[in-house]
Each structure stands twice: as structure tokens, then as C-alpha cells.
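Contents: one structure, followed by commentary.
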Amino acid sequence: MLQLNIIRENKDFVIERLQVKNFKNAQQTIEQIIDLDNNRRDIQKKSDENKQQQNIIAKEIGMLFKEGKRQEAEEKKQETISLKNKEKEFAEKLSEIDNNIRALLLSVPNLPHQSVKPGKGEEDNEVVELCGEIPSLSAEALPHWDLCSKYDIIDFNLGNKITGAGFPVYKGKGAKLQRALINFFLTEAGKSGYIEVQPPLMVNEQSALATGQLPDKEAQMYVITLDNFYMIPTAEVPVTNIFRDCIVDKKDFPIKRTAYSQCFRREAGSYGKDVRGLNRLHQFDKVEIVAIDSPEHSYTQLQQMMEHVGGLLKKLNLPYRVLRLCGGDISFTSALTYDFEVFSAAQKRWLEVSSVSNFETYQANRLKVRYKDENGKTQLCHTLNGSALALPRIVAALLENNQTKDGILIPKALQEYTGFEIIN
């Protein structure tokens, strides 16, 4: 959530950056927030003057009683009653305005970083890095969904029977490959200084609101209506909320956490080739990395998180590219996001496997996660997170890129975790 003082002091800049994100009615919304805040300030001033007048009259009443002027004191009391009624009106108006301002602030996305360029969607994203060689497969090469059936490692039809489309069942070496990747990613995160946590898979409304899933992504979330809980779309939500309403110690920066979780996304509107096989699921496994840092160091931390993700892909021998997202594709809450995509050789397409983002103070303002600077002044932290990594498309690329006539070869870095070198 944007800070109100930043909107007031930098109105034109805020509107310009929101337009980069293609936020509709940016100028109208920002001016409406400022007008409401001006109204709030006027009423607050009147309320303060009213309270001051009540204090003056209270002292006068005390003096009148001491002087034995009871009738005049009672008349003054009537003035106080009128002022208190007026104060109640002021309080109700202030509460209404505060609620309206907050509702508008929650509807406004984060400001994109200066490096974020305008654009309509993913077609306008900028490739900033390309790593690894694209594998060349034989004409008989199969896409991963056929490989899963051939080697009986993932059963999409069985998942559809038990639950529905987008809920596959992993079997035999397929299940062991999943477990191996999770352990590999968590181990590597630990080596990079991330402390592992195991969070809940459901969060309450306040937690979903604090990290920006609500109200922006409500349609994409599974809701437990009886308890008003939300199934997490990513471990970012519960892990970041560990620090909600906290004042952290600056000497602990960067605060780094990692977590494995299953993730749940409705993915409404997905269709076609994007949903085939493992390309887009409603339930999937992911290891997340989360960092909390000071504003002056958060972009250094972002770079380190990107290097960590790139290092994982290199160890898995997966060719990848990194994209800096344009204003039309960057998320509601992010200031700057880099997507990592691996090349899926049989599908002959790039598949997103990670997003690494800096949210600056946007999430922190909702979370109220703060620190005290060198002057003892309370400041908002910067929050960051990244997928390290999401499993489905990693598995898809591993299966397709490493297929041979004898079976699917397991990358050397994974073999100590799988306990086997080939799926056949």
C-alpha cells in the first residue's frame, strides 16, 4: 500500500508511474485520495479546536464551582454537552473518511521502479540475460505429458478422477523426483543463508490482505468459506506475515527465510497449450525465498536472490533466460520483477519457473513491518521474494530435455537426492 505522504508530496510522479502500470483512472483516483485527505485534515483541525475549547470550559467550570457560582457552572456544562455531541459527529466523519481513503489506497498498485518500461503485456518484456545452450532433440522426442504416461511417473487422468483437472498424481520415480527437487532447493537455500520454516497452507484474511493477494487476486484464490481462510497461492504469504506488526532489528538485515509448500491457484481463464500437462496446475509444489532488508540495500539483495535462482538452474543444466517485466505485466504489488524461464525442448517454448521481486515499502506498509534507523526513527522495511523454484515446469523441462532412447537422465546435482540416475 502506498504511503499517503508520498502521494501528497509527489502527486505528479505517482500518477506518471501508475500510468506505466496501465492503472486506469490513475489521476482521478490519486486526486480523490488527496481531496479526501484534505477534508480529513480540515475536520481533524475542527475536532482539535473543539477538544481545546472543551478543556478551556472544563477549567472554567472548576473555577466557578470553587467560587460557589454553581448556576453559572451548570450553564457552562450545557456548553460542554453541545461540544461533546459535535465531537462525536467529527469522530464519525473522520472514521468514514479514513475508511474511504484506505479502500482507495488498497485499490492502487505499487509504483514501478524507474527501470520498468511501459508495455501492454508479456510481449513487451525485455530479455536481459540468456544462459545455456538449447538442446537438440530427435524427431521422435516426446512432450512431457507423453513421457509421464510412457514411464508411468505422473498420472493426469487419475488426478482428474480424484479431484479435477490441474491436480496430477505423482507415482514411483515421479514422486521421488518431486521430493528430490524439494530437498535440493531447500538445501541450496540453506547454503545461501535462508533459514527454513514450515508455514501453514491456509491464511486468514488479514494475512492475505497484508501481502497484497487481497483484494487484487481474490478471484484466483481458493477460499474456505466456513472459516474465511484462504489456501495459499505461494509460501510468500505466510512467511512474510511472520513479521507482520513487528519492529525488526536493523542489525539482523538481511532477514532471509525459505519454505517449501504446496500452492493453490484457481487459474481462472487459463486455456489451450498453456494448461497442457504440467504447464499450469491448480495445486503444485514450490520452494520460496523471502527477504526483508533496509531500503538502501534491498536492490543488492534482489541481485543476490537472482544469482541464487540462476545458480539452481545452472546446476540442473537447464537453459534459461531472464526477463525484466514491463509495466503491463508486472504484478500489482511489485516495484521490480525479473522472471526466469527455462526452455522446454519438446514443446519448443520458454516456461516461466520463477519470479524474483522487490516490493520496496508497499507490502511493509500493509504489514507494518518496520525498523529503527540510526537516528532512532521508525522506518518501513523493504520486502522481497522469489520462487527458488516452482517445480511443475522444472520437471517438464527436465523430462523433455533429458530424454534419450534408453530413458530420462537425471542431472548429476540431483542424483544424490533421487537415488537413481535414470527414469526408464
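Residues take their numbers from the sequence shown, with the count starting at 1.
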Q) Where does the angle between the aromatic ring planes of His282 and Phe167 fall among parallel (under 30°), tilted (30 to 60°) and perpendicular (over 60°)? A) tilted

Q | Sub-6.0 Å ring centroid separation between Phe264 and Tyr230 | A | no

With heavy-atom distances below 4.5 Å as the criterion, would you say the side chains of [X] and [Y] are in contact?
| X | Y | value |
| --- | --- | --- |
| Ser357 | Leu336 | no |
| Val197 | Val239 | yes |
| Leu130 | Tyr320 | no |
| Gln213 | Met221 | yes |
| Met306 | Val322 | yes |

Q. Given the rule in the salt bridge (charged side-chain N to carboxylate O under 4.0 Å, His left out) test, do Lys191 and Glu188 qualify, once you have shown the distances and angles that lead to the verdict?
A. CA-CA 5 Å; Lys191 291 177 183 177; Glu188 292 297 310; 3.1 Å; yes

Decide, yes or no, whether a salt bridge links [X] with [Y] under the criterion of side-chain N to carboxylate O below 4.0 Å.
| X | Y | answer |
| --- | --- | --- |
| Glu49 | Lys46 | no |
| Lys86 | Glu89 | yes |
| Lys250 | Asp373 | no |
| Arg257 | Glu196 | no |
| Asp37 | Arg41 | yes |
| Lys368 | Asp245 | no |

Q: Any chance you could lay out the side-chain hydrogen bond (donor to acceptor under 3.5 Å, both in side chains) test for Glu360 and Tyr299, step after step, and finish with the verdict?
A: CA-CA 9 Å; Glu360 297 188 355; Tyr299 278 94; 2.5 Å; yes

Just checking, any donor-acceptor pair under 3.5 angstrom between side chains of [X] and [Y]?
| X | Y | value |
| --- | --- | --- |
| Asn50 | Gln54 | yes |
| Arg40 | Asn100 | no |
| Arg244 | Asn241 | yes |
| His297 | Ser294 | yes |
| His144 | Glu400 | yes |
| Glu87 | Ser47 | yes |
| Asn365 | Gln3 | no |
| Asn110 | Gln363 | no |
| Asp339 | Ser355 | yes |
| Lys286 | Thr234 | yes |
| Thr418 | Lys176 | no |

What is the minimum heavy-atom distance between [X] and [Y], and which atoms define it?
| X | Y | answer |
| --- | --- | --- |
| Pro411 | Leu316 | CG-O, 3.8 Å |
| Gly119 | Cys326 | CA-SG, 3.8 Å |
| Leu201 | Gln262 | CD2-O, 3.8 Å |

Just verifying a value: how many Å separate [X] [atom1] and [Y] [atom2], rounded to the nearest 0.5 Å?
| X | Y | atom1 | atom2 | answer |
| --- | --- | --- | --- | --- |
| Leu323 | Tyr338 | CG | OH | 11.0 Å |
| Ile182 | Leu177 | CD1 | CG | 9.5 Å |
| Met202 | Asp227 | CE | CG | 7.5 Å |
| Met1 | Arg366 | CE | CZ | 6.5 Å |
| Leu414 | Phe185 | CG | CZ | 7.0 Å |
| Glu60 | Glu72 | CD | CD | 10.5 Å |

Backbone N/O of [Y] and side chain of [X]: donor-acceptor pair under 3.5 Å:
| X | Y | result |
| --- | --- | --- |
| Ser95 | Ala91 | no |
| Asn160 | Ala165 | yes |
| Asn401 | Phe343 | yes |
| Asn358 | Thr337 | no |
| Ser331 | Ser334 | yes |
| Arg17 | Pro112 | yes |
| Glu129 | Arg321 | no |

**Q.** Arg102 CZ: over 12 foreign heavy atoms closer than 6.0 Å
**A.** no

Q. Between Glu341 and Arg393, does a salt bridge (charged side-chain N to carboxylate O under 4.0 Å, His left out) hold up when you go through it step by step?
A. CA-CA 9 Å; Glu341 296 180 339; Arg393 295 170 189 170; over 6 Å; no

Q: Could you walk me through whether Val290 and Thr258 pass side chain to side chain contact (heavy atoms under 4.5 Å, CB included), step by step?
A: CA-CA 6 Å; Val290 171; Thr258 186; over 6 Å; no

Q | Working for ring pair (Phe, Tyr, Trp, His ring centres under 6.0 Å), residues Tyr371 and Phe253 | A | CA-CA 10 Å; Tyr371 72 99; Phe253 287 152; 5.3 Å; yes

